[in-house]
Amino acid sequence: MWKFIIRRVAIGIFILFVVVSTTFFFSRIVPSEPAQKWVGAHATEEQIEAAKIELGLDKPLYSQYIKYLGDLLKGDFGMSIVSHRPVSLELKNAIPNTLELVILSVILAFAIGLPIGVYSAIHENTIFDHLGRFISVGVISMPTFWVALMLQIIFSTKLGLLPLTGQMDTILKLTNPLDKITGFAMLDSVITGNWRVFKDLILHAILPILTLMSYSLGLTSRMTRSILLEVLNEDYIRASRAYGIKERIVIWKYAIKNVLGTVTTVLALSAGYALVNTFVIEAVFSWPGIGSYISRSVINLDYPAIIGVTLFASVSYIILNLIADIIVALDPRIRFVKGGD
Amino acid sequence: SGGEEQQGNDNTPKTVTYVTHSDPMVFWDPAETWAIEIVALQNIYEPLVRIDPMNDNEFIPVLATEWKSSDDGLKWEFKLREGVKFHSGKELTADIAARSLKRTIDLGKGAAYIWDGVKEINAKDDNTLEFVLERPLPMLYIVSSAYGSYIYDPDLERDWYYEGNADGTGPYKLNDYSKDSEVILEKFQDYWGGWNQDQFDYAIVKIVPESATRRQLLVRGEADIVEQMPLEDVEALKSDDNILISDITSYQQLYAFLNTQKAPLDNKYVRQALSYLMPYQDIVDHVMLGSATQARGVIPPNLWGHGKDLMQYNYDLDKAKELLAQGGYPDGGFKLLYTYTAGDKNEQKVGELFKDALSKVNIDMEIRGMTVDSKYDLAKATDPNDRQDITMLYWWPDNVDPQGYMYSQFRTEKEVGFNFGYYSNPEVDRLIDEAIAISGTSIEEATEKYIEAQEIILDEAPAIHLYCENYVRPYRKDLKGYADNPAYPNAVFFYELSR
Amino acid sequence: MNSKDNVLEIKDLKVDAHTVMGTAELLNIKHLEIKTGEIFGIIGESGAGKSLLALTILGLLPKNVYVKNGQILYKGEDLLKKSQEELSQRIRGKGITMIFQDPMASLNPVFTVYDQVSQVISRHNPGLSKKQLYDRVIEMLELVKLSDPENTMKKYPHELSGGMRQRVLISMALSAKADLLISDEATRALDVTIQAGILKLLEELAEKLGLSTLFISSNMALASTVCQRLGILYAGEVLEIGRVEEIIRNPRHVYTRSFLSSLPTVEKKGKPLPIIKGIYPDPLNKAKGCIFADRCPDYSAECSQNKPTYHEVIPGHFLACIKEEKHKPSSDNDMD
Amino acid sequence: MDWGEINLKNEVILEAVGLKKYFPIETGFLKKSIEYVHAIDTVNIKVNKGEALGIVGESGCGKSTLAQVLVNIYSPTEGKIFFEGVDVSPKAARNSLGFKKNIQMVFQDPFWSLNPRKMVRDIIMEPLKVHRIVEYECFDTEIERLMDMVGIGKKRMFSYPHEFSGGERQRIAIARALAARPKLVILDEPTSSIDTLSQAEILNLLIELRDEFNLSYILISHDLSVVHFLSDRLAVMYLGKIVEIGKTETVFNLMYHPYTQALMKAIPLISSNGTVQNIEALEGNVPSAINPPKGCRFHTRCYKCQEICRNKEPELREFEDGHFAACHFANQS
Amino acid sequence: MSKNKNIFLIKLKRRLEALWVFIKLLLKNKLTGIAFITIVLLTVTAIFAPWISPYPDQGQGQVNLEEKFQPPSTKHIFGTDELGRDILSRVIFGTRISLVISTITIVLALVIALPLGLLAGYHGGMVDEIIMRITDVFLSFPPLMIAIVIASFLGPSLTNAVIAIAVAWWPWYTRIIRAQVMSIREKPFVKASNCIGTNKWVILLSHILPNTISPVIIQASMDMGGVILTAASLSFIGLGAQAPTPEWGLIISTARTYIIDAWWYSAFPGLMIFITVLSFNLLGDGFREVFDPRTRVR
Ligand SMILES: Nc1ncnc2c1ncn2[C@@H]1O[C@H](COP(=O)(O)OP(=O)(O)OP(=O)(O)O)[C@@H](O)[C@H]1O
Ligand SMILES: Nc1ncnc2c1ncn2[C@@H]1O[C@H](COP(=O)(O)OP(=O)(O)OP(=O)(O)O)[C@@H](O)[C@H]1O
Ligand SMILES: [Mg+2]
Ligand SMILES: [Mg+2]
C-alpha cells in the first residue's frame, strides 16, 4: 500500500514538475516584456533596465529557471506584475473562499446525485428514470456561466430571495466582525459561533454553489446510474437476491459498495471541474476567490498570477486524483491483484 | 443572541457604498498610483490644492491654504494648513510635504513626470513649501493633478504599502481591504475638516464586475453610487424615482489612431476617407445614447486649447468614395486590423459600426479585442508593417492641461509611446513645443498655437477624433452633496456626502 | 398424477424479451414438473434458455424480459402472481434457491466470505446472537466440506480458488434451508477434476437434506451421472422429458437422437459423424410450427404448420413431435 | 532458405525441443517485483507428417501458449523449433513468409476469430494476397473454391461475420487457414464454443480435409471425446509440462501418469450403448503457474506421492514404443 | 477491370446497408432519434445559414440601429441586440461557428491522437511508456483549465481557442485508442493475421484501426458538446471568438450586460447551446447503446 502511494505521489510530483517547467518556458517565450509591464508605460529605458535586474530577467534563462524552482519550493510564486503584491499572499486570501464553494458543491452534488443515480438505475426505463437521465444529461449540457446568469435572474432579480453577489453583507461585516481563524469564512463563523454571519454567508453561497454543483451533479448521477446498472446485472447481485436477501441491503450494501470506487474517481474529477468552473463563474458572482483572480489576471496577462493559480489548481487536482486512487486501491479486488489463479 | 442582534441594529453605522467595476487597489504606494486607485486614495491622501473644472477651474485649498508665485513665474510658495494630522497621528509639516514630493519625483513611477521642470522643493519653514522651477509652469494645475500630487508620509517603505496599508491626511482611513471584493474606509476622527453627524462613518467601495448586478444593487438601495453603467441601463434607471443621474462633460476623449506608416493608411486621402466613413452621429446616439459629444479636434471642449471653430468630419459616403478614388483605391478592396481593449464595450461597438460602414466601400476590417498590454505590444512592434492599422485610445489629462493630448499623441516620437498614428510633422512638433513653453505664462497664446497644430492634424488625419464622453453616474436620490469632478476621474469624495 | 408430489410445476410458460432488434421469444414451455426429492436435469445447448428458466422461476428476470403467460406452481402456489416483495420474503432462499454457473462472478468481490454467508443466515434466522451467527457460518462452511472454515471466511473471494468459491456459494444457497435447489451449470467454470467433487457434494446434500434439485447443464453425460429424469430444452422449448436411461438409450425426439449421435464417442472414432444441417433458431423470428422443423431429417410440410402437441408417449415420458405421435415409437435403439 | 522444397527424408514435420515460455507479470504495485508465469516449461514434442496430435489438460495448463509459441505469435523464452528438420528458432527464420505459410492456426473464439469489419471475401483473401497463392485474377475463383470446400455457399462472399452462426464462422476460419495451403494446422479448441450439432460437422470437415490435403494437425481441447475422435497421438499437459504422451488409444487405456488417470476418471462420457461412466473427483486445487511446486508438479494432488516426488522432478520416460510418461511411480498401481 | 468495379459496387452496397441498419437501430430509441434529427437540422442550418436566416447580413454583423433591443416578435422571433441585429440570424450563423470549431477541434485532436494511440497500443514498451506519461500530464487537468491557460498565452482568438482546446483534448483520445488497440491486438483475428504473415503495418491499419473507431465515435459525439461548451466558456471570459463573430458564448458574454432589460438576448443563445450540447450527449448515449453488444441480441 505504501509503495503504491509513494509511486503515485512520485508520478504526481513528476506531473507538477512538467507543468511548472512548461508554464515557466511558456511565460518566457510569449512575446511580451515583463519588465516593461512592471514599470508601466511611461517608464524610461533606465527604469526598464532596473526592473529587469529587480526581476532577475538579466540572468541567463537556466539560472532564472533554477531560481524560479527554488522560489516555488519556498512557496514564493513571485510578484504579480499588475498589483506588485506577492502572488502567494493574494492566493492565500482567495483560496479558502474558492475551496469553500468547491467543497460544498461537490459534497452536495454527491449527496443528491448519488441517490438520483441509484433511484434511476433501480427504476430503469420508468418515467422517473427518463426524467432523472434527462436532468443529469441536461445539467451537463448547460454552459455554467449561463446557469449562473439564469439563476441570478430567477432567484435574485425576479424573486428577490437571495443576494445577487458577493460573499457576505458588508454592513454585517462591520457590525459583526468575523475573526479569521482558518480563513474559511463559514468554518470561522461556526467556530466563533457568529451565527448571523454564518446565515448570511450561506445565503450568499447558495447561488454559486448551485451553479457549480450542476455539472458535478449530472456527472455523478449519470455515472452512478450506468455503473449501478452494470453492477445490478452482475451474477453476484442476482445471487444475493436468489438467497432472499432484502432488496434494501442488496442495493445499499451489496451493490453500492461496488459502485463507490468509480464514483469516487468521478467525484475527484468533478471537484476538478468545479474548481475550474469557478474561473468562469466567480466573476459573475463577484466572489472573492481564485476564479475572479485568474479571470482578471488573464485579461491583464499577469503571468505570475496565472501560473500561481494554475499551479494551485494542478496541485489540488493531483491530490484529488491521488486520494481517489488510494480509495479505489482499498478495494479488495485491486489489493489482491497478486492472488489471481 | 437576540440581544446581540438588537444591539447590532442600534449600532448600525452610517455607510455609503460606491460600486465600481474592478478592484481599484493596484498601486498602493501614493507615489506610484496613477490609475483607478484614485477611487479610494483621493479620500485617504490629499494634495495641496484641488481644481473644480465645473466651476470655471476654481482652485480649492486643501492642504495648502494660500499660494503665490514670483513675478517671473520661477518660484512658487504654498502655505500649509495648520493642525493637519496623518492617520498615524503624525503631524504634517512642510518638511514632510517636501520630502514626500521629492520621493515621488525620485521614484519616477506613475505620474511623476508631471513635476518635470521643477528644480527644487524646499521647506522654507514649518508650513511654507517652496518650488523652484526651470521655466514657468502652471503650478496650480500641477499640484492639483489627480495623480502624483499626494502629500504623504515619506518615511514609510514601499513594502509597507504593498502589504495593503495606507496612511494619509484624508478624511477616511483604510479599514479593510479584500481583493476583488471591497475596500472599506472608516472616518478619521481627527480630520482637520471636522465632522458633522450626517456624514458617513464608513465608505465602502464595492467591486462588482457585472454591470447588471451593479444596477440591481443600486435599485435595491444596496449601493448609493455606481460607475461604468452601460448607457442602456442608465436610460432605464431614469424612470426610477429613487435614482438621480449625474451626467457631466468630461475630459475623456476617444481616438482611433490610423497607422500612417503602413499602406494603405500612409495615404492621406485614404485616412480622410476613413474619417468620413466613421458614423459619428450613430455612435453618439446609439453607442453613447447621447451622453457624449462628437469630438472637435484633439482637445476636448471644456479644456483650454480647444478650438470652437475647428472643422469636424461627418459621415459622408460620397465624399469618402471620392477620396478613396483620389487615393488610388476606387474599389476599396483592402483589409484593416482594428485593435481595442478587450472588455471595453464602447470601443467594441464602435468597431462593429465602423466595420459595417467600411463594408459599404468594400473595405474589410478585423476587430481584435486585446489585453491592454498585448495591444501596446502590437502597437510598438519594431516594424510598422507588423503593427495594427487602427487602434483605439482614450485620453484624459493627469492635470487640467492640454499638453498631454498634443504632446503624447501627435508629436514625433523616437520610441513609440502613445503616438499610435506614428505621426510625425516638424511643423506640428514646433507648434506643440512653443505652446508648452509659453503655457506657464500665457494660456491664450498657447491656445492659438495648439489650434494651429490641430488644424494641420485634422487635415492630415492621423487619427479619427470620435467623441468626448460624459461621465454618467446614477446615484440614490437620498444621497446629498454628490457632485462629480471630472478632474479626478471616477473618484468620489465621500467627505462631501451625507444622508 | 398428484400435484402434491411436485415441488414445482410449470404450465404453458411463455417468456419474451424486448430487444433493440424487436421482440424475442425466449421460452415456450408447455409443461414441466419437478417431483419432490428428485434431481431433475434440463439439458440444452448454449442459448437454449436454461438460465432464463431458472431466473423466471425465481422472478429475477432482467428488466427487458417478461413473462407473457403461464403458471409456475411452487407447492401449488403460483409464483408468477406474487410480488417481488413476497418472493423475496417467502420464496427466495427459504423455498427455492440457486447456484449460479460462474462462482467468481456470483460472489460479491468487495465483501468477505463471512460477511456474505452471515448475511444470508441472519436474513432467514433473525435474532441470532453474534456468537450463534458465527457458529452457524462455520457449520455451513463445514457442511460443504470447506477445509479450514475459520480462515477461509475471513478472506475475500479473490483469495479463494474456483472450487472453494463454488463451495461457499453452495453453503450460502443452503443456509436458508430451501427445499428446491436450482443448480445452473454449477460446475461449468471449474476444471474437470474439481467438477467431479462439486457434483458429488450436490448429490450427497440433496440426499441428506431431502432437497429437490433442478440441475441445469449443457453436458448430457454429466447430467446423466446425477439426474433421475432429464428434460431436453431446444431454443426455449422442451422437446422431450423422460427418465435418464430412457432418454439416453431410447431417445424419441429427432433432436435428442441427433444430439446423442453427433457426440464423438470412443466407438465412433474415425467414422464420419451423422450431420444435422441448419442453424440454431433465432429467438427474434421463431418458426410457427415445430421449432426443430427446419433441421429435421424427417421433415414434412405439416411440421411447419402447427406446434406439435405435448404428450405422454409412455408413462412418464413426454414428447413434442408430430411424427412420433403417428408412428408409435419402436422400443429398440435406432442409433447407429 | 527455400521453404518450398520438401525435405522428404524427414517424416517429422515439426519438432520442439526444450521449449519454454515465461510471461513476465507485474505483481504488487511497484513495477520492480516482476514475476513470471511459467506458462510452458520445457516441453518437447514432435508432430509427424499427416498425423494429428491431440493435447489435453486443465484450463491454464499452457495449451494455448504452446500452440501460439509454435506459430510464432509468441517467441519462446528458450528452446528450439524445427520445421521439416530446419531450425526455425532464429527470429528471421520464424518471421519469414515461407515458414508462416506452412503452419496455420484456428482459434477457439468464433466471434473474434474473424475481423468483424471485414467481409468474408476479404477475410479469405488475406492469405492469398500475402502469399501470392494464385494470380490476382484468380482470387475470386480460389475464394469460391475454399468456401465451397468448407461448405459455405459462395453467395455469402459479401457477408459480414456477424451474419453467420458460430459453426459457420469456424468454417470460414478454417477456410482462411487452408487458403495459405499450409502443411500443419493448429486447432485451439475449434469446437468448444459451438453447439454439439455444429461440432459434428466441423469434426467431419477436419477429417475430410486432412485426408484430402495430407495435413498434419495439432488439436487442443479439454473435451476428451473430441481429442480421442480426431487425434492419432495424445499429449497430456499439467502446469506447463507434458506429463504423458503416446498413441491416443494407449494413453486412454494405460494411463501411466496418475494425473492422466484422474483426468480420465473425472470426465463423464456416454458410450454408444448408452452407458455413462461414473466420475471421480481429484482432490486439491491447481497450483499457481507463477510458483509451480518443486519436484513433481502434480505431487500436491497425487495419491501416489512420496518423498522423492516432492524433491525430484520426474523425466519423461518411455514405457511402450513411443509412449512416454513423467512419473516416478508410473507403472506401480 | 469491370469485374473489380462490380465488386466495389457490391461492397459499397453492403456497407451502405450496414450503415442503414445502424441508423435504424440508433433511431429506435426515441430520445436518440430526436437528438439525431436535431443534429441533422442543426447541420443543415449551419450549411444553409445565409438562406435560412431571416436577416443574413445582420447574422454576419450588419447593424440596424433603428431596431435596437426589440423583444421577440413575429418580425424578430428571438428579438434584436444592442445594435439592432436580429438574434435569430446571429444564432443561426453561430450554429455554423460552433459546429465548425467543434469538428475542427476534434479532427485536430484525433489527428494527433490516432498515430500516438495506435503506436502506444500496438508497440507497447518504451514508446508506450513515454506516450502514456505525456498523456498523464494532460489528463491530470480538466480540459477547460488547459484551454484557459493555453489561450491566455496565445492571446484571444477563435483560432487560438481551437488550438487550445485541441491540445487539451487529444490525450483523451490517445488513451481510448490505446486501450482499444491493446484489446483488439489480443483478439484471435489479429493473431490469425500474424500467423498468415501479414505485414504488421497492414495489420495495424486494416485490422486494428477500423475496430478502434466505435469507442472513438461514442467519445467524439459526446465531445462535440464538450468542445462547444469549452469554446463558449473561453469566449465568455474573453479568450475566444471576437466581435462581431456570432459565437454563442460571445453573444451571451455581451448580452449579460443587458440581462435585466433584454432577457431574450442571453436566453436564446444559451438555449441554443443547451439544445446542441444535449443532442450530442444524447446521441453519444445512443451510440453507446447500439455499439454495446450486451444490448443487442444475436
Ligand atoms: N436480457 C435479455 N434480453 C434479450 N434476450 C436475452 C436476454 N437474456 C438472454 N437472452 C437470450 O435468451 C436466450 C437464452 O439465454 P440463456 O442465458 O437462458 O441461455 P443458456 O441456455 O443459459 O445458455 P448458456 O449455456 O450460454 O448459459 C439466448 O438466446 C439469449 O440471447
Ligand atoms: N499474454 C499472457 N501474459 C501473461 N500470462 C499469460 C499470457 N497468456 C497466458 N498466460 C498465462 O499462462 C498460463 C497458460 O495459459 P494458456 O492460455 O496457455 O492456458 P490453456 O491451457 O490454453 O487454458 P484454457 O484451457 O483455459 O484455454 C495461464 O496461467 C495464463 O494465465
Ligand atoms: Mg446459462
Ligand atoms: Mg486456451
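A, B, ... follow the sequence lines: proteins, then strands. Residue 1 opens every chain.
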**Prompt:** Between A:L149 and chain E, which part of the residue has a heavy atom less than 4.5 Å away: side chain, backbone, both or neither?
**Reply:** both
**Message:** Using a 4.5 angstrom heavy-atom cutoff, name the option from E:G225, E:A232, E:A151, E:S279 with the most pairs to chain A.
**Reply:** E:A232
**Prompt:** Given that the side chain runs from C-beta out, which part of E:I275 has a heavy atom under 4.5 Å from chain A: side chain, backbone, both or neither?
**Reply:** neither
**Prompt:** What's the spacing between E:T276 OG1 and E:N281 CG if we round to 0.5 Å?
**Reply:** 11.0 Å
**Message:** Is A:V18 in contact with chain E via its backbone, its side chain, both, or neither, using a 4.5 Å heavy-atom distance?
**Reply:** side chain
**Prompt:** Between E:R175 and E:F138, is NZ or CZ placed under 6.0 angstrom from the six-membered ring centre and within 45° of the ring axis?
**Reply:** no
**Prompt:** With only heavy atoms counted, which part of E:V137 is less than 4.5 Å from chain A, the side chain, the backbone, both or neither?
**Reply:** both
**Request:** Please flag which part of E:M272 lies under 4.5 Å from any non-hydrogen atom of chain A: side chain, backbone, both or neither.
**Result:** neither
**Asked** Looking at A:D235 and A:R238, does any basic side-chain N land under 4.0 Å from a carboxylate oxygen?
**Response** yes
**Prompt:** Who wins among A:S295, A:A313, A:S314, A:G272 for the most heavy-atom pairs under 4.5 Å with chain E?
**Reply:** A:S314
**Message:** Looking at E:D128 and E:R133, is any side-chain nitrogen of the basic one under 4.0 Å from a carboxylate oxygen of the acidic one?
**Reply:** no
**Prompt:** Which answer fits A:V19, side chain, backbone, both or neither, if we ask what part of it has an atom under 4.5 Å from a heavy atom of chain E?
**Reply:** side chain
**Request:** Evaluate the ring planes of E:F236 and A:F145, with Trp represented by its six-membered ring, and classify them as parallel (under 30°), tilted (30 to 60°) or perpendicular (over 60°).
**Result:** parallel
**Fill in**
Note: vs chain E, highest number of non-hydrogen pairs under 4.5 angstrom among A:V298, A:I307, A:T22 is A:V298
**Request:** Go through E:I146, E:L282, E:L271 and name the one with the most non-hydrogen pairs under 4.5 angstrom from chain A.
**Result:** E:L271
**Asked** So E:Y258 and E:Y265, would you call those rings parallel, tilted or perpendicular, with 30° and 60° as cut-offs?
**Response** parallel
**A:T310, part contacting chain E, at a heavy-atom distance under 4.5 Å** = both
**Message:** Quick one, A:I290 with A:F312, criterion side-chain contact (heavy atoms from CB on, under 4.5 Å). Give me CA distance, side-chain angles, the key distance, then yes/no.
**Reply:** CA-CA 9 Å; A:I290 57 165; A:F312 166 71; 3.5 Å; yes
**Request:** Under 4.5 Å heavy-atom distance to chain A, tell me which part of E:L234 shows up: side chain, backbone, both or neither.
**Result:** neither
**Prompt:** For chain E, which of A:I318, A:I140, A:I11 has the most heavy-atom pairs under 4.5 Å?
**Reply:** A:I140
**Message:** Working note: A:E282 + A:T98, criterion side chain to side chain donor-acceptor pair (under 3.5 Å); need CA distance, chi angles, decisive distance, verdict.
**Reply:** CA-CA 9 Å; A:E282 272 188 5; A:T98 296; 2.8 Å; yes
**Item:** Max heavy-atom pair count under 4.5 Å with chain A, selected residue of E:I260, E:T230, E:I259
**Value:** E:I259
**Asked** Taking 4.0 angstrom as the limit, do A:D302 and A:R296 come out as a salt bridge?
**Response** no
**Heavy-atom proximity to chain A below 4.5 Å, by part of E:L139** = backbone
